[in-house]
Amino acid sequence: GAVVSQHPSRVICKSGTSVKIECRSLDFQATTMFWYRQFPKKSLMLMATSNEGSKATYEQGVEKDKFLINHASLTLSTLTVTSAHPEDSSFYICSAARDGQETQYFGPGTRLLVL
Amino acid sequence: AQSVAQPEDQVNVAEGNPLTVKCTYSVSGNPYLFWYVQYPNRGLQFLLKYITGDNLVKGSYGFEAEFNKSQTSFHLKKPSALVSDSALYFCAVRQSTDSWGKLQFGAGTQVVVTP
């Protein structure tokens, strides 16, 4: 299989705090992982491409200082939403592809609510 | 630049009837095409992909899709829909030459299968 997990599945935090979301490929190694944001009943918006051992590549309009990405190993990438505000409330989804393969496998998503 | 169009926001079908979800794409060079399904508050599940070879691709849960290069389409089909097929369906495309493997998603089509 190709299983991707995310933790936590849901998080509620106060405005101004930081939240870390973990994305793990459980049964394969992934040099590259992707972070998406999804608004209700909307498509996925790619935020950044996360590369193991190097800096993430952010899409235009995504604040790199706001959304910190660390890809510390071939099976783990983290997204930290710094100084979260209510407008950051969203569904965040990660994905990973086996090295050399085309298919991205998605995590179950993390629902973030900032009060 | 690459883009994906899913012209229907919602498709309604009675259980047992054929289901078709439309997708057209625009990409430079050869496309890699994907279909994913999303259930409420969940991540995306991979259904099928076209990379090369036979234009008719068979995937999970009885779904299939046909790659039509002249019409730049990749419609998803199922001969006999089930109530459990009710979900949000996404078509996605990437350039075969994109080393990052970034996907461009369509807006999604909500499928409602009625008993």
Side-chain angles (χ1 to χ4, degrees), chain A residues 1-10 21 23-26 30-52 54 56-60 62 71 90-113, chain B residues 1-10 21 23 25 27 30-53 57 59-60 65 67 86-112:
Chain A
V3 181
V4 178
S5 70
Q6 274 183 250
H7 179 80
S9 57
R10 305 173 67 92
I21 303 170
C23 177
R24 293 182 185 271
S25 56
L26 297 185
T31 303
T32 303
M33 293 183 174
F34 302 88
W35 286 97
Y36 296 84
R37 183 171 178 176
Q38 185 180 31
F39 294 98
K41 298 186 178 180
K42 296 291 185 182
S43 188
L44 279 73
M45 181 192 79
L46 179 64
M47 299 175 65
T49 303
S50 170
N51 302 290
E52 187 269 336
S54 64
T57 302
Y58 290 82
E59 295 299 300
Q60 192 171 8
V62 178
H71 196 145
S90 193
F91 194 52
Y92 293 88
I93 309 176
C94 72
S95 72
R98 293 178 184 271
D99 289 344
Q101 297 193 11
E102 306 88 8
T103 304
Q104 289 185 27
Y105 294 94
F106 286 78
T110 297
R111 176 75 59 191
L112 171 64
L113 178 60
Chain B
Q2 56 206 31
S3 65
V4 179
Q6 292 182 242
E8 301 154 316
D9 290 338
Q10 182 165 316
V21 187
C23 171
Y25 66 90
V27 69
N30 295 320
Y32 291 170
L33 294 155
F34 303 82
W35 275 102
Y36 289 88
V37 60
Q38 184 180 33
Y39 295 95
N41 296 310
R42 303 293 297 274
L44 276 64
Q45 294 180 27
F46 169 72
L47 283 179
L48 51 78
K49 66 182 176 184
Y50 172 81
I51 303 299
T52 187
V57 178
S60 306
F67 170 61
S86 298
L88 187 57
Y89 290 79
F90 290 102
C91 180
V93 67
R94 61 164 277 200
Q95 290 178 298
S96 58
T97 54
D98 182 351
S99 58
W100 296 118
K102 293 197 295 186
L103 292 176
Q104 178 71 47
F105 283 88
T109 298
Q110 183 70 47
V111 170
V112 178

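Below, all heavy atoms of this structure are taken into account, side chains as well, without hydrogens, waters or symmetry copies. The sequence lines fix the lettering, A, B, ..., with proteins before strands; numbering per chain opens at 1. From a predicted model like this one, the values you see are computed outputs, not experimental measurements.
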Per-residue contacts, residues 90-98 of chain B versus chain A, heavy atoms under 4.5 Å: B:Phe90, B:Arg94
Approximate separation, where rounding is to 0.5 Å, of B:Leu103 CG and A:Phe106 CZ: 6.0 Å
Side chain, backbone, both or neither of B:Ile51 within contact of chain A (heavy atoms, under 4.5 Å): side chain
B:Phe105 portion near chain A, given a 4.5 angstrom heavy-atom threshold: both
All side-chain contact (heavy atoms from CB on, under 4.5 Å) counterparts of A:Arg111, not counting sequence neighbours: A:Arg10, A:Phe91, B:Asn41
Non-neighbouring partners of B:Tyr39 that pass side-chain contact (heavy atoms from CB on, under 4.5 Å), sequence neighbours left out: B:Val37, B:Arg42, B:Gln45, B:Ala87
Partner chain B: residue of [options] with the largest heavy-atom pair count (under 4.5 Å):
| options | value |
| --- | --- |
| A:Thr32, A:Thr57, A:Thr103, A:Thr110 | A:Thr103 |
| A:Lys42, A:Gln104, A:Gln38 | A:Gln104 |
| A:Ser95, A:Pro108, A:Gly109 | A:Pro108 |

Region of A:Gln6 that comes under 4.5 Å of a non-hydrogen atom in chain B: neither
Structural part of A:Thr49 lying under 4.5 Å from a heavy atom of chain B: side chain
Salt bridge (charged side-chain N to carboxylate O under 4.0 Å, His left out) against B:Glu8, all qualifying residues, sequence neighbours excluded: none
Greatest number of heavy atom pairs closer than 4.5 Å to chain A - which of B:Pro40, B:Gly108, B:Gly101: B:Gly101
Top contributor to chain A interface from B:Tyr36, B:Tyr32, B:Phe34 [non-hydrogen pairs under 4.5 Å]: B:Tyr36
Close side-chain approach of A:Ile93 and B:Gln38, heavy atoms under 4.5 Å: yes
Note, A:Leu44 side chain near B:Leu44 side chain (heavy atom, < 4.5 Å): yes
Distance-minimising heavy-atom pair for A:Ser43 and B:Ala107: CB-CA, 3.8 Å
